[in-house]
Each structure stands twice: as structure tokens, then as C-alpha cells.
Amino acid sequence: MSSRESIITNYTDFFAAGCKEPGELKYGIEAEHIITYNNTGKAVPYLGDDGVCSLLHELKKYFTETDMTDGHLIGLLNDEANISLEPGSQLEISITASESIPEISRIYQKYHKIISDILTERKQEINTVGYQPASLVRDIVILPKCRYYFMDQHFGRSGGSGINMMRGTASCQVILDYTDEKDFINKYRCASVLTPLLALISTNTPIFEGAPNHNLLIRTKIWRDVDPARCGIPPETFNPDFSFAKYAEYIINQAAIFEIKDEKSTGSDKKVSEILADKPDWDDDYLLYLSLAFPDVRLRQYIEIRVADSMDAVKMFAYMALIKGLFLDMPCLNKWLSKFPFSIDSIINAQDAIMKEGMNALVNEEPVADLLNQMIKLSLANLDKEESEILLSGFGQYLYNII
């Protein structure tokens, strides 16, 4: 049996192994898409002759590895990219991390075109929006993956919006590296404070459940009502002793939802710590329970910022460039963010203000439009010419001079 302390040590050793040298920091992107029929705009299901599963089978020739789970093809992998599916058959394209955003963009566009060309023949399309454009979530059949059934049941008890999150949403997640534990803490806290502004600048959900959406942070609103114990900002984030170990405690204190027995998923009412007590050495279950936490900023062996809606390529890579530029100069970012209270309450207050007032909101007593302008200028100061142009191509409309 593993003690609680040894489980935490296994996690902290894993997180520490993700530390990179200052000159080796990379960035990554995970872009989710909604596959729809051209004539109705409704979601294409996983199963069926023209389903998302058959799409993956057509894509197999471009990849070297497949992911078969519970007897179904749900993922593809090669050295450049990874194709995977979310519970509502949203298709995610993840690009291997790089220090170059133009290189990541080139690879993404390559696979996006391959997929788009296949879908054109099927009279289907790949959508970059934050929520299902026509289908209602009650009509979407969840992916035939056992663990998703258990998650669906759990989220049906833990909140009211799990069905929307699993079947309806599509996101853009940006990944960045850290050099050591101190750098992780700094970047994690800064990313958390930035989440209301990052969610706002990436908002892209015109339709919610078949009706026009006017909440610019609808993704945030949905996640608030999924499972408070594993969403939002981890409660220890701004405490003086926050660390790899504290994040590990956050993980192992959560409900497991399910566990793997004899290579099969079974429902579980245990805590993660109880299940991992039977695993003295690091194994895939440790990774599994990291992936079952859904905070706005997530730790693996990198930091994952998770608040953005799915966007078209121009805005998506502008968003990625924005984050890269902000985190390239941490002293400068820290100085700018010193105007904000580093607390969960202040982040929630900022989110509430933007949900209520949109672009007319005040955050920390400043117009949110001014803050977006300042944030973009701060990022531009650290980017080269090519990546500056990428940022401006997507978000140049937010730039103006403040007197």
C-alpha cells in the first residue's frame, strides 16, 4: 500500500521531470472542432456510415498509431499531430509542441485541410465555434467509451451543466512550459489571473442551445456548473505554500468517478487517493486522474490554459501568440498584473462583470477594453516580427492608444 505522502511524491517527481531549460521552452495547441452536416448544421454522430468513426478510419493512412478504446477507434497519432475525440464526438487536433508558432500553424493547417477535404466529399464540415451551432445537447449521443458514461452520470449529480460541457462545447487550449517549480507557481498564478481576459478575447459562441447567445463568457458559465471540486481555480492556488505537492493534493482529494480493473472501466465512489494507494509506482492511472481534473489552468508536465472557445486559425494562432508574448517576459508580466488582486474572489468578480456587461465591463476599476489593449501591447513587445503579425492579424482590432 502506498501512503498519501508517497502518492504525492510520485506526482511531484512527475511534475519536476517536466521542467525545461530556459532556452528550451515550447508551446503547444489543442484545438477542438465540431463536425456538422452541411444541410442542417447539426452534429455528425460517432457511429454510422458517415459518422466520425468512419472519418477516423479514412484518416488512418496519415498516421502511424491508433487509439482503440472499448473496441472503438477514437484517436490517431504521429510525430506531428494527434487526433482525438471528445465525449460529444468533437474532434481535437493537437500539434506537437514547438518554440515556433508559424511551424505549429503550418502543421495544423496541413491536417485541417486533409480533414476538410474528406468532409467536403461527405457533405460535412469542420466548425470552429465554441458550442454546437444547431444540435441540442439532449439529442447528441455520447461517444461509446465506458469512462464517458461514468463521467456523464457523475456530472449529472455534481452540477447542472455537465451535459452541455461534454456534448456541446469546443475549446482551444494553449500549452506552455516551465523551468522549475518556482517558475511553474508564477506562471500558473499569472495565467489564472488572466483567465477572464483570455476567455473574453477568445469568445466565439454565437449560438447556445439553438438560440442567440449574449453571454461572452458562456464557456466559463458552463464550467462553473459542472463539478466545483474539479473546475475553476484550485483553492490553494494563491496560498503562500502553493507548490507541485499542493496541486497533487488537489488531484488526489477528488472523487475518482471510475477506476480501471482488469483493463476495464468501472464506476467508483472512492477518492483518487484510495485508488492510488494500491499503486506504489507511477503508472497510467496517475495520468488518468490528472486528466479528470478540469481547472481553468491545468498542470501536467506543462501548464495548460483551458478557457478559450474554439476559433478559426487566424484567431487561434493570434491567441497563441498573445500567450507566448505575455509569458516570455515574466518580470514584465508580473509588473503589469500587480494591479490585480491575486485571489479567486477577484477572478470570479471579473468573470461576473464581463458576463453582465461584456465589453463595457469594468475589471479592477478599469474598462475591460483598455485591459485587452494593454495586454496585447505587452505581448507584442516580446514577439518577433512574424509572430507579432500573427497576433495583430487576429486581435489588431483591440489596439488603440490610451492617453
Side-chain angles (χ1 to χ4, degrees), residues 30-78 80-95 107-153 155-156 162-172 204-210 263-265 309-313:
E30 298 176 356
E32 296 174 2
H33 308 77
I34 294 171
I35 310 299
T36 60
Y37 293 106
N38 289 348
N39 59 342
T40 64
K42 292 192 173 182
V44 175
Y46 177 76
L47 297 173
D49 292 341
D50 62 353
V52 176
C53 180
S54 67
L55 169 64
L56 292 188
H57 279 282
E58 285 198 57
L59 290 170
K60 280 172 64 174
K61 62 185 176 182
Y62 300 101
F63 294 85
T64 56
E65 298 179 45
T66 60
D67 180 3
M68 298 291 297
T69 300
D70 299 327
H72 297 281
L73 178 63
I74 62 167
L76 302 165
L77 178 68
N78 63 24
E80 290 184 320
N82 179 21
I83 304 295
S84 58
L85 298 180
E86 296 300 310
S89 293
Q90 305 96 319
L91 185 146
E92 178 179 288
I93 305 174
S94 303
I95 308 302
I107 296 170
Y108 170 82
Q109 299 282 11
K110 170 184 171 180
Y111 289 99
H112 187 280
K113 184 178 188 307
I114 290 170
I115 295 167
S116 295
D117 288 347
I118 294 173
L119 291 177
T120 297
E121 294 295 319
R122 293 164 162 252
K123 295 183 171 53
Q124 299 171 359
E125 62 182 324
I126 183 168
N127 283 271
T128 49
V129 289
Y131 199 83
Q132 291 287 346
S135 292
L136 304 180
V137 291
R138 67 170 182 256
D139 299 325
I140 295 175
V141 177
I142 206 164
L143 200 71
K145 184 176 177 179
C146 289
R147 64 188 60 180
Y148 286 160
Y149 296 142
F150 296 121
M151 290 170 65
D152 205 32
Q153 292 171 2
F155 294 140
I163 186 173
N164 305 96
M165 179 275 287
M166 293 186 74
R167 295 164 173 81
T169 62
S171 72
C172 168
N204 188 34
T205 301
I207 302 296
F208 178 73
E209 287 299 283
E263 299 184 354
K264 293 183 179 180
S265 299
D309 282 347
S310 176
M311 297 169 277
D312 63 47

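Just so it is clear, the structure is predicted and the values come from calculations on it, not from any experiment. We number each residue from 1, following the sequence as shown.
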Trace of the side-chain contact (heavy atoms from CB on, under 4.5 Å) decision for K264 with D70: CA-CA 8 Å; K264 293 183 179 180; D70 299 327; over 6 Å; no
Mutual orientation of the aromatic rings belonging to Y46 and H72 [parallel < 30°, tilted 30-60°, perpendicular > 60°]: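 Judged by the thresholds at 30° and 60°, the geometry between Y46 and H72 is perpendicular.
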Distance flag, aromatic centroids of Y148 and F155, threshold under 6.0 Å: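 Between F155 and Y148, the centre distance exceeds or equals 6.0 Å.
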I'd like to know if the side chain of [X] reaches the main chain of [Y], judged simply by a donor and an acceptor atom lying under 3.5 Å from each other, with no hydrogens or angles considered.
X    : Y    : value
Q124 : D50  : yes
H33  : L91  : yes
D309 : S171 : no
R167 : V141 : no
T66  : L76  : no
S54  : G51  : yes
T64  : L77  : yes
Q90  : M166 : yes
S310 : E32  : yes

Does one side chain, of [X] or [Y], offer a donor that lies under 3.5 Å from an acceptor on the other?
X    : Y    : answer
D312 : T128 : no
E125 : Y37  : no
N78  : Y111 : yes
N204 : Y131 : no
T69  : R147 : no

Residue pair [X] / [Y]: nearest heavy atoms and the distance that separates them:
X    : Y   : result
S94  : E92 : OG-OE2, 2.9 Å
L143 : L85 : CD1-CD1, 3.9 Å
P45  : S89 : C-OG, 4.3 Å

A134: partners by side-chain contact (heavy atoms from CB on, under 4.5 Å), with sequence neighbours left out: K42
Do [X] and [Y] have side-chain heavy atoms sitting under 4.5 Å apart?
X    : Y   : value
K123 : N39 : no
I115 : L59 : yes
I83  : I93 : yes

Using 0.5 Å steps for rounding, measure from the [atom1] atom of [X] to the [atom2] atom of [Y].
X    : Y    : atom1 : atom2 : result
L73  : M68  : CG    : CE    : 5.5 Å
N164 : R138 : CG    : CZ    : 11.5 Å
I118 : K113 : CD1   : NZ    : 10.5 Å
S135 : Q132 : OG    : CD    : 5.0 Å
I126 : L119 : CD1   : CG    : 6.5 Å

Greater than 12 external heavy atoms within 6.0 Å of D117's CG: yes
Contacts of D139 that satisfy salt bridge (charged side-chain N to carboxylate O under 4.0 Å, His left out) - sequence neighbours left out: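 Counting only residues at least two positions away or on another chain, D139 forms no salt bridge (charged side-chain N to carboxylate O under 4.0 Å, His left out).
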Basic-acidic side-chain contact under 4.0 Å: E65, K60: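 Salt bridge: no.
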